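Throughout, a chain's letter reflects where its sequence line sits, starting with A, and its residues are numbered from 1. Every value quoted in this text rests on a predicted model; they were computed, and no experiment measured them. For the numbers below, each heavy atom of this structure counts, side chains included, while hydrogens, waters and symmetry mates do not.
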Number of protein chains: 2
Amino acid sequence: MTAHPPAGYGYLPAASLPHVAPRPTLRDVATAAGVHPATASRALNDATRSLVRPATVARVREMAAALGYQVNPIARSLKTSRSETVGVLVPDLTNPLFPPIVRGIEDALGDSGYTVLTANTDNDPARTSSNFAAMQARQVDGFIVATALLDDPLMHDAAARGVPMVLVNRLTEHLDVSAVSADDATGIERTVDHLVGLGHRDIAHVAGPLRVSTGAVRLRAFRAAMQSHGLRDDRVVEAEAYSEAAGRACLLKLLDGDRPTAVVAGNDLLALGCYDALAESGLSCPDDVSIVGFNDMPFISRLQPPLTSVRVPQYELGVEAARLLLDRLSGRTVTPRVVLLPVRLVVRGSTAPPPLVKRPARPAG
Amino acid sequence: MTAHPPAGYGYLPAASLPHVAPRPTLRDVATAAGVHPATASRALNDATRSLVRPATVARVREMAAALGYQVNPIARSLKTSRSETVGVLVPDLTNPLFPPIVRGIEDALGDSGYTVLTANTDNDPARTSSNFAAMQARQVDGFIVATALLDDPLMHDAAARGVPMVLVNRLTEHLDVSAVSADDATGIERTVDHLVGLGHRDIAHVAGPLRVSTGAVRLRAFRAAMQSHGLRDDRVVEAEAYSEAAGRACLLKLLDGDRPTAVVAGNDLLALGCYDALAESGLSCPDDVSIVGFNDMPFISRLQPPLTSVRVPQYELGVEAARLLLDRLSGRTVTPRVVLLPVRLVVRGSTAPPPLVKRPARPAG
DNA sequence: CCCGAGCATGCACTCGTTTGCAAGGACTGC
DNA sequence: GCAGTCCTTGCAAACGAGTGCATGCTCGGG
């Protein structure tokens with residue numbers, strides 16, 4: 001079998017023996033079309049296309065197609081200092097909350113010809129900052145940030161420098177940039193209503209880290225909802241991170257004192273940790289303690305027991321964030337907007353009426 | 001409050017009023033250090049650093065640091081036609097199997113200064129091909145592909161053109177490129193052994209799509225294992241995709257005839273679909289039918305019932321793939337290698353001895 | 001019939017870096 | 001003391017595309 005010409009290229013420029021064929025350049029199509037490279041550039045570019053005679057446009061585009069010409073984004077970026085690329089910062093792709101968001105972003109941006117560069121920051125400000133800088137060096141046109149802290153110097157700094165960006169899921173205080181998030185407050189309110197409706201009075205909250213907006217907003221909403229029902233709002237433990245381990249630790253702490261009959265977890269991972277803590281203490285969910293999560297992660301409905309959770313439209317979160325950024329990049333919209341997407345409480349097997357009499361917890365081990 | 005200088009830049013080049021300060025360029029550094037840009041370039045570049053007098057190197061680097069200079073990767077890429085970027089093709093980031101793999105890739109490549117560009121192909125050859133082309137246009141230095149088909153013209157073509165790439169998870173036949181995958185055959189063998197050990201004789205296989213290697217390899221391994229036990233190896237249905245819906249459809253088909261007492265599912269998603277089919281038929285897992293998955297996706301251990309599955313080291317799969325690609329890119333290794341990572345059967349609640357007498361299935365509805 | 005307007009195209013420079021080649025200087029060995 | 005060599009640095013030409021400006025052409029109106 002002999003070497004065959006690479007697919008997708010015409011055979012006009014004699015393919016030399018090395019098996020890597022040079023991509024045709026703008027100059028090549030210009031020559032082939034008998035025009036100056038500048039003219040070819042204008043003919044190929046939709047924005048400047050009107051400057052050149054239609055017949056010429058046709059000829060150039062025809063040759064471009066025949067040669068299989070594709071613009072070199074690198075060269076274009078160097079000249080235009082834009083890159084048709086946006087940077088996406090997430091804490092950890094391995095957290096099931098984020099893949100759907102990222103997918104939504106990629107799909108929406110992809111439709112507009114953008115590609116995305118993602119980075120995992122593990123909630124480490126140093127990593128966040130270095131990734132941010134690296135992406136800026138790569139001339140990304142904008143950012144979608146899912147790692148923002150409530151008080152985030154990096155974000156403020158970037159916003160002050162006029163870097164186009166959109167926050168998703170997590171917001172930053174006093175920051176004048178567009179953002180999209182779920183309607184956390186309403187979600188928590190519905191959750192508390194649900195539990196109270198079932199008869200619960202002793203409701204605790206395993207709060208997410210208070211330095212991120214989701215943690216703070218949900219905590220505030222929890223307090224407000226409890227107060228509106230005339231119930232104690234101070235059974236709260238703050239988790240160190242949105243992780244199972246942290247959730248477990250928090251609930252163990254709560255079980256240690258006057259045991260609540262229901263727990264509003266800051267998110268699904270924390271709720272999973274609560275499951276673990278209950279199991280270790282010989283308690284059952286929902287018979288002894290009801291648990292509610294947040295986010296409605298994929299597959300969470302198949303858990304043992306299926307977790308009652310607040311569904312947030314994760315994919316749409318990504319799509320909407322992408323849209324906001326596109327608006328900003330196209331210069332259509334300049335004034336920042338904050339979009340809250342509606343949520344819905346999905347009731348499953350992890351919530352039930354409180355036990356008539358509290359069983360004693362069995363010490364672990 | 002007046003405009004303040006952007007962080008990270010010295011104040012030497014007078015910052016003009018617009019709030020976006022121009023990044024210092026190599027020329028700036030050279031001027032500041034009193035040398036020619038070429039010299040500055042060599043001084044900054046570790047590979048060429050030895051060509052310039054140590055004192056000069058120090059001076060240049062000092063000025064670069066003072067100015068906050070960072071090379072412009074775009075300009076560098078244009079010149080070198082390399083980009084320190086690799087493309088990663090996955091079917092769907094939303095499938096829990098892939099985030100850990102991608103994370104492994106990003107971590108390993110990131111340590112070597114590479115960034116990754118990911119794309120979701122949804123197993124659509126057209127999307128795969130266009131994403132591949134777009135990434136090549138962006139001068140990616142290589143690819144890590146998790147979407148390869150068993151017989152994949154695109155992969156063959158790229159390999160023939162000498163594009164550096166590594167296959168991960170899914171392999172392609174007769175393709176002379178490096179690849180890393182789990183030891184699927186052994187995993188299936190262990191699975192069958194486990195089921196037979198429990199007393200099962202009527203074992204079926206819900207195979208993944210046979211046009212991808214994982215589907216084909218696991219099917220072959222299933223047949224071989226069954227034969228070695230002297231059992232029927234023809235209770236097999238091929239799923240249209242690795243999805244819950246497909247798994248459900250397959251098992252419904254199997255339940256229709258002579259019902260097996262155990263099912264080896266092609267992966268965890270198919271196993272979840274099997275759960276659904278059983279529930280619809282009024283059958284119980286594991287009392288009526290045992291089910292085994294593959295991959296040991298995150299959180300699968302918390303299912304109802306917890307799924308027995310073959311654990312594959314997903315993160316390590318990514319890391320190893322990245323390593324192979326780095327070897328290739330650095331020119332150290334040229335000869336392709338295929339790496340099989342070890343797997344382990346994790347026995348959980350979805351497998352049990354077969355029922356003494358088969359209960360009749362209750363028709364759905 | 002001539003001049004000016006306007007359209008289509010070409011010219012040349014630029015974006016920021018890398019790199020082959022050449023030149024200048026210092027130093028060594030004879 | 002001179003030639004040859006090495007070391008250090010500068011020069012200039014790329015990489016591939018975009019774009020302000022100039023130029024040449026055509027056409028219309030007076």
Completion exercise
For residues 73-92 of chain A, the ring-ring contact (aromatic ring centres under 6.0 Å, His included) pairs (sequence neighbours left out) are none
Problem - Whole-Å distance separating the CZ atom of Arg82(A) from the P atom of dA17(D) - result: 16 Å
Exercise for the section: Using the ring-ring contact (aromatic ring centres under 6.0 Å, His included) rule, collect all pairs that involve residues 116-141 of chain A, keeping only residues at least two apart or in two chains. Expected result: Phe132(A)-Phe143(A)
Exercise for the section: Would you mind reporting whether Asp151(B) and Thr172(B) have side-chain heavy atoms less than 4.5 Å apart? Expected result: no
Problem - Whole-Å distance separating the CZ atom of Arg138(B) from the P atom of dA17(D) - result: 14 Å
Problem - For atom CG of Leu44(A) and atom C1' of dA17(D), their distance in whole Å - result: 11 Å
Handout entry: Which nucleotide in dG18(D), dG16(D), dT17(C) has an atom nearest any side-chain atom of Ser41(A)
Key = dG18(D)
Fill in the blank from the handout: With five pairs defining each end axis, the helix from dC1(C)-dG30(D) to dC30(C)-dG1(D) comes out bent, to 10°, by 50°
Practice task
Grab the CG-P distance between Asp28(B) and dC15(C) for me, whole Å please.
Solution key: 11 Å
Handout entry: Any Thr80(A) side-chain N or O less than 4.0 Å from OP1/OP2 of dC15(C)
Key = no
Problem - Arg76(B) CZ - dA14(D) C1' separation (whole Å) - result: 17 Å
Fill in the blank from the handout: Rounded to whole Å, the CD-P distance (Gln139(A) to dT17(C)) equals 10 Å
Handout entry: Presence of Arg27(B) side-chain N/O under 4.0 Å of dG16(C) phosphate oxygens OP1/OP2
Key = no
Practice task
Would you indicate what Leu78(A) reaches in the nucleic acid, counting non-hydrogen atoms under 4.0 angstrom: base, sugar-phosphate, or nothing?
Solution key: base
Exercise for the section: Please determine, by modelled atom types, if Arg138(B) and Thr85(A) share a side-chain donor-acceptor pair under 3.5 angstrom. Expected result: yes
Exercise for the section: Quick one: which residue pairs count as a side chain to side chain donor-acceptor pair (under 3.5 Å) with a foot in residues 316-327 of chain B, not counting sequence neighbours? Expected result: Glu320(B)-Arg323(B), Asp327(B)-Arg332(B), Asp327(B)-Arg337(B)
Problem - Salt bridge present between Asp141(B) and Arg328(B) (N-O < 4.0 angstrom) - result: no
Exercise for the section: Please answer whether the main-chain N or O of Leu326(A) pairs with a side-chain N or O of Ser330(A) as donor and acceptor at a distance below 3.5 Å. Expected result: yes
Exercise for the section: Could you please name the option among dG18(D), dT18(C), dG16(D) that lies closest to any side-chain atom of Asn45(B)? Expected result: dT18(C)
Handout entry: Value in whole Å for how far the C1' atom of dC15(C) lies from CG of Asn72(B)
Key = 8 Å
Exercise for the section: Output yes when a side-chain donor or acceptor of Ser83(A) lies under 3.5 Å from a complementary backbone atom of Gln139(A), and no otherwise. Expected result: yes
Exercise for the section: Using a 4.0 Å heavy-atom cut-off, write out nucleotides 6-14 of chain C from 5' to 3' as B (base contacted by protein), S (sugar-phosphate only) or - (no contact). Expected result: --SBBBB-B
Fill in the blank from the handout: When rounded to whole Å, the CG to P distance for the pair Asp46(A) and dG18(D) reads 12 Å
Check: residues 52-67 of chain B side-chain donor-acceptor pairs under 3.5 Å, at least two apart:
from: Arg59(B); atom 1: NH1; to: Ala33(B); atom 2: O; distance (Å): 2.5
from: Arg61(B); atom 1: NE; to: Ala43(B); atom 2: O; distance (Å): 3.2
from: Arg61(B); atom 1: NH2; to: Ala43(B); atom 2: O; distance (Å): 3.2
from: Arg61(B); atom 1: NH2; to: Leu44(B); atom 2: O; distance (Å): 3.4
from: Arg61(B); atom 1: NH2; to: Asp46(B); atom 2: OD1; distance (Å): 3.0

